[in-house]
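What follows is a single structure, and I will ask about it in a moment.
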Amino acid sequence: MYQDLLPSDRAKFACAKRAADFVKSGMKVGLGTGSTAAFLVKILGERVRTEGLRFQGVPTSTRTADLAREEGIEIITLEQARTLDVTIDGADEFDPKLNLIKGGGGAHLQEKIVATASKEMVVIADASKDVATLGQFPLPVEVIPFGHGATRTLVEAVLKELGYRDPQVAYRADGDAYFKTDEGNYILDLKLQAISDAPRLSQKLNQIAGVVENGLFLNICSSVVVGFEDGRTVTKDKSGRSHEVNVFEQGESDNLFSDIED
Ligand code: 5RP
């Protein structure tokens, strides 16, 4: 089936397929959000139907919950699960220490809550997400609608205090309206180019009362599975070890994935 996919989707499919191997029956699994995570959910749904895989999924967004239900995956809430064996999710950027920027899909709040309730977080990403320094991708910051203009001013002041030159702070839009998260909040996207001290930035942003959570995931991710168009996957862990597997050489069965949109 992967021959029918666009080259960029083949890389997403490859890493999702590899990471799906980590899910075993009896596990409680956090299910990420985004186009790469959507491949994962489809692949896991296929394993539920054809292999009898039995696991419980905790989705990180209403989008993922809807897709997982369509796929026949058993869904439970994080309240019911409390702790998870693993969360598998996409990312907008990852650096050599496996720190991340997430939230391109506007779901980083639930994604961070679910990932930090998990024993492990596995990121699935194509090679375009691999960066030396975080920050080319705009950093999402979720803010409460009440007083959002004042919160934005405080965010700009933090960036100035931390020495960011000419940072641009923009509301994420949904057509003519503000984009709204699953919690009904807004998102500010911070165009910083390069983030020099991510822990300090994260801490300063989260100290602002109107900020709910920012998209920096620091010391949360345990490993990254990088996917390539030719089916290769390279799994990297925090200690710098890596392991290569080509999922296309393992064989595929059908074309379930051609309808994925996210
Ligand atoms: C959603 C996210 C996504 O995981 C991130 O944006 C990557 O998405 P994609 O796999 O579509 O590139 O953080 O909030």
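Start at 1 and go down the list; that is how both ligands and their atoms are numbered.
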Over 12 foreign heavy atoms within 6.0 Å of NZ, K160
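Not more than 12 within 6.0 Å, no.
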
State the atoms of ligand 1, each with its element, that fall below the 4.0 Å cut-off from a heavy-atom position in D92.
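Near D92, the atoms of ligand 1 are 5 (C), 6 (O), 7 (C), 13 (O).
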
Quick one: which ligand 1 atoms are inside 4.0 Å of a heavy atom on G90?
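Listed by number with element, the hits are 4 (O).
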
Suppose I only count heavy atoms of D89 and a 4.0 Å limit; which atoms of ligand 1 are within that range?
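Under 4.0 Å from D89, ligand 1 has these atoms: 4 (O).
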
Is ligand 1 under 4.0 Å from a heavy atom in the side chain of A125, in the backbone, in both, or in neither?
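It is neither; nothing of A125 touches ligand 1.
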
For T235 and S223, test the side chains for any donor-to-acceptor distance below 3.5 angstrom and give the result as yes or no.
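No, no side-chain donor-acceptor contact under 3.5 Å.
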
With atom 10 (O) of ligand 1 as the reference point, say which of T36, I187, L40 has the nearest heavy atom.
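Looking at heavy atoms only, the winner is T36.
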
Using a strict cut-off of 4.0 Å, indicate which atoms of ligand 1 neighbour a heavy atom of G106.
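Within the 4.0 Å cut-off of G106, ligand 1 contributes 14 (O).
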
Looking only at distances, please establish whether an N/O atom of ligand 1 is found under 3.5 Å from an N/O atom of A107.
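For ligand 1, there is an N or O atom that lies under 3.5 Å from one belonging to A107.
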
Is G32 near ligand 1, meaning one of its heavy atoms is under 4.0 Å from it?
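No; G32 lies far enough from ligand 1 that no heavy-atom distance drops under 4.0 Å.
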
Closest to atom 1 (C) of ligand 1 (judged by heavy-atom distance), picking from Q110, K129, E111:
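Comparing heavy atoms across Q110, K129, E111, the nearest one to atom 1 (C) of ligand 1 lies in E111.
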
Could you go through the side-chain contact (heavy atoms from CB on, under 4.5 Å) check for D130 and V224 one step at a time?
CA-CA 10 Å; D130 187 351; V224 175; over 6 Å; no

Consider every N or O of G34 and every N or O of ligand 1, then say whether any pair is closer than 3.5 Å.
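Such a contact does not occur with ligand 1.
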
Using the six-membered ring of F217, assess whether NZ or CZ of K112 lies under 6.0 Å from its centre and within 45 degrees of the ring axis.
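Judged by the rule, K112 and F217 form a cation-pi pair.
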
Under a 3.5 Å distance rule, please check whether T233 uses its side chain to pair with a backbone N or O of V245 as donor and acceptor.
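Here the side-chain-to-backbone pair exists.
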
Distance-minimising heavy-atom pair for A115 and T87:
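What the structure gives for the nearest pair is CA-OG1, 4.0 Å.
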
Test your reading of the model: is there a side-chain donor-acceptor pair from R232 to the backbone of E229, 3.5 Å cut-off?
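No, because the side chain of R232 does not come within donor-acceptor range (under 3.5 Å) of the backbone of E229.
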
Pair D182, S61: side-chain N/O donor-acceptor within cut-off below 3.5 Å
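No.
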
Heavy-atom proximity to atom 4 (O) of ligand 1, best of V123, T33, D126
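Of the listed residues, T33 has the closest heavy atom.
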
Check D92, N214, D89 against K102 for a side-chain hydrogen bond (donor to acceptor under 3.5 Å, both in side chains) and give me the one that passes.
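Output: one option passes, namely D89.
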
Under 4.0 Å from a heavy atom of G103: give me the atoms of ligand 1 that qualify, with their elements.
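Answer for ligand 1: 2 (C), 13 (O), 14 (O).
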
Can you list the atoms of ligand 1 that are under 4.0 Å from a heavy atom of G104?
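Ligand 1 atoms under the 4.0 Å threshold to G104: 6 (O), 13 (O), 14 (O).
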
